[in-house]
Protein chains: 2
Amino acid sequence: MTTSPIAHDSLVDALVNRLRDDVLARRYPAGSRLPPERDLAASYGVTRTSLKHALVRLAQAGLVETRHGVGTVVLDYRRHGGPDLLPMLLTHALGDGADDRWLTEVFEVRQEVGAVVAARAAAHRSADQADALRAQMAAVTSARDADAAQLAEAEVHRMLAAAAGNRVYELLVNSLLKAYLEVRSLFRAPFADPAVAGARLAPLVDAVCAGAPDAARTAAEAYLARTRELMLGR
Amino acid sequence: MTTSPIAHDSLVDALVNRLRDDVLARRYPAGSRLPPERDLAASYGVTRTSLKHALVRLAQAGLVETRHGVGTVVLDYRRHGGPDLLPMLLTHALGDGADDRWLTEVFEVRQEVGAVVAARAAAHRSADQADALRAQMAAVTSARDADAAQLAEAEVHRMLAAAAGNRVYELLVNSLLKAYLEVRSLFRAPFADPAVAGARLAPLVDAVCAGAPDAARTAAEAYLARTRELMLGR
DNA sequence: TTGGATCAGTGGCTCATCCACTTCGGATGA
DNA sequence: TCATCCGAAGTGGATGAGCCACTGATCCAA
């Protein structure tokens with residue numbers, strides 16, 4: 001069994017979640033100013049220092065902007081946010097927001113980007129990378145349970161991104177995978193057993209190892225479409 | 001004139017930069033533990049509170065991970081970082097690191113993702129979006145100077161992403177544009193005058209407005225390849 | 001061998017206080 | 001009348017001391 005790490009939200013984690021929801025739910029609309037830190041801290045029953053830590057994180061995510069002497073204004077995340085916002089957005093969307101289009105859109109991008117990455121990986125992978133990929137593929141099929149298979153599967157995706165020979169794709173895939181994990185922990189979605197997951201993934205890995213970009217692209221599209229169906233249940 | 005925003009790094013901004021460089025330069029290798037916050041703060045001559053704010057930002061970016069009772073460990077950004085790291089990475093790479101491959105890789109992704117977005121935009125754009133796109137296009141060519149043209153051009157890219165009908169692409173383009181701006185402010189790279197920039201961009205906008213996905217993809221590839229040549233000087 | 005207690009080291013969080021920046025309106029002087 | 005200056009109010013930035021909570025290692029007792 002994979003030991004579940006226990007969530008254990010710290011105070012500022014909770015604060016971040018709360019503020020994030022308030023912002024995304026338009027309680028504080030884009031362009032408006034948040035209440036002064038002192039007031040906000042008081043209303044949440046925390047110190048200004050802790051509140052500030054939370055605000056720093058929201059600012060880093062591109063949800064708000066704080067200016068000395070002026071205040072903290074809410075930004076339009078569609079203009080200022082990056083893919084690192086996805087976990088936050090999905091958490092919110094699957095919570096009360098009930099905007100499952102986000103889910104669809106993440107999978108859509110995953111599919112299109114995944115196809116590009118697969119094609120690149122087939123074109124650029126080294127012999128060593130092909131070997132490592134095959135080894136990891138074996139680890140997927142021989143995983144003891146769905147949890148382990150899922151982890152091994154994610155590792156295959158990382159290796160594909162690495163084989164694509166462009167580190168930006170690695171970063172991008174990291175964000176998308178993080179969004180996946182978020183969904184997964186919220187859903188506790190059912191996953192296929194290791195053997196089946198391996199069978200779905202195998203053609204993709206084979207094509208990449210064989211160095212066939214077109215076949216890899218096609219295999220990736222098929223694989224990701226199937227994954228999407230499984231996770232979205234459609 | 002566009003009012004220059006004034007850099008004005010705050011103390012924690014400076015701290016973040018310093019720590020980020022120390023981490024990326026492998027002064028603290030991935031997997032190692034940072035010194036205790038009290039020591040680190042003392043060694044940088046700041047309060048523990050300020051240092052903590054900086055660490056929170058690095059943690060949010062996926063560069064380090066802080067655990068209560070244990071310490072702060074350095075993560076491998078290629079495994080845990082997202083595209084939001086790009087500005088940081090470029091700043092570091094163009095500074096002392098001198099790893100211009102990052103620049104190349106960002107442009108490469110921009111080119112491939114841009115092609116996908118353009119094709120999607122052509123397929124999904126509404127009549128209103130086409131009109132707005134054309135209007136913004138006019139704003140590019142009639143910009144008073146290179147700065148204004150650059151801003152208007154970025155706006156076109158945002159609108160293309162919005163027209164693609166998938167908000168995840170918007171977030172992704174945000175990150176890539178932010179990386180661009182970072183490069184630009186570090187380079188003070190020369191930009192073509194508005195008319196020329198407009199001429200390069202026009203075929204792409206036309207194809208998207210005409211609703212021709214394949215033409216849009218081709219136009220986007222040509223446009224982005226040219227942009228890359230201009231900015232990288234090759 | 002196991003289980004529990006202890007302790008040192010580390011981050012989490014608070015509090016009180018002062019500094020620095022922005023804004024705006026009123027006083028001042030041409 | 002108008003422009004300019006200046007200062008008060010309000011806001012975030014930063015400090016430093018202090019206490020609490022968690023982790024991991026060690027050691028002792030069952």
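As the structure is a prediction and not an experimental result, all values here were calculated from the model.
- The interatomic distance linking A/D9 (CG) with D/dA21 (C1') rounds to 16 Å, in whole Å.
- Interface residues of residues 34-59 of chain B facing DNA chain D, ordered by number: B/R38, B/T47, B/R48, B/T49, B/S50; criterion, heavy-atom separation under 4.0 Å.
- Taking a cutoff of 4.0 Å between a charged side-chain nitrogen and a carboxylate oxygen, A/R120 and B/E108 qualify as a salt bridge.
- Between the side chains of A/R110 and A/H157, at least one donor-acceptor pair of N or O atoms lies under 3.5 Å.
- Between the P atom of C/dG11 and the CZ atom of B/R33 lies a distance of 7 Å, rounded to the nearest Å.
- A salt bridge between B/E37 and B/K52 is present, with a side-chain N of the basic residue lying under 4.0 Å from a carboxylate O of the acidic one.
- Distance check: A/L89 CG to A/L103 CG gives 12.0 Å after rounding to the nearest 0.5 Å.
- Between A/E153 and A/R200 there is a salt bridge, with a side-chain nitrogen of the basic residue lying less than 4.0 Å from a carboxylate oxygen of the acidic one.
- In this entry the distance linking CD of A/E65 with P of D/dT11 reads 18 Å, nearest Å.
- To the nearest angstrom, P of D/dA21 lies 9 Å from NE2 of B/H68.
- Atom-to-atom, CG of B/L11 to C1' of C/dC21 comes out at 15 Å; the value is rounded to the nearest Å.
- The pair B/R134-B/D131 meets the salt-bridge criterion, with a side-chain N (NZ, NE, NH1 or NH2) lying under 4.0 Å from an Asp/Glu carboxylate O.
- Residue-to-nucleotide proximity on DNA chain C shows that, of A/S10 and A/G69, the 5′-proximal contact is made by A/S10.
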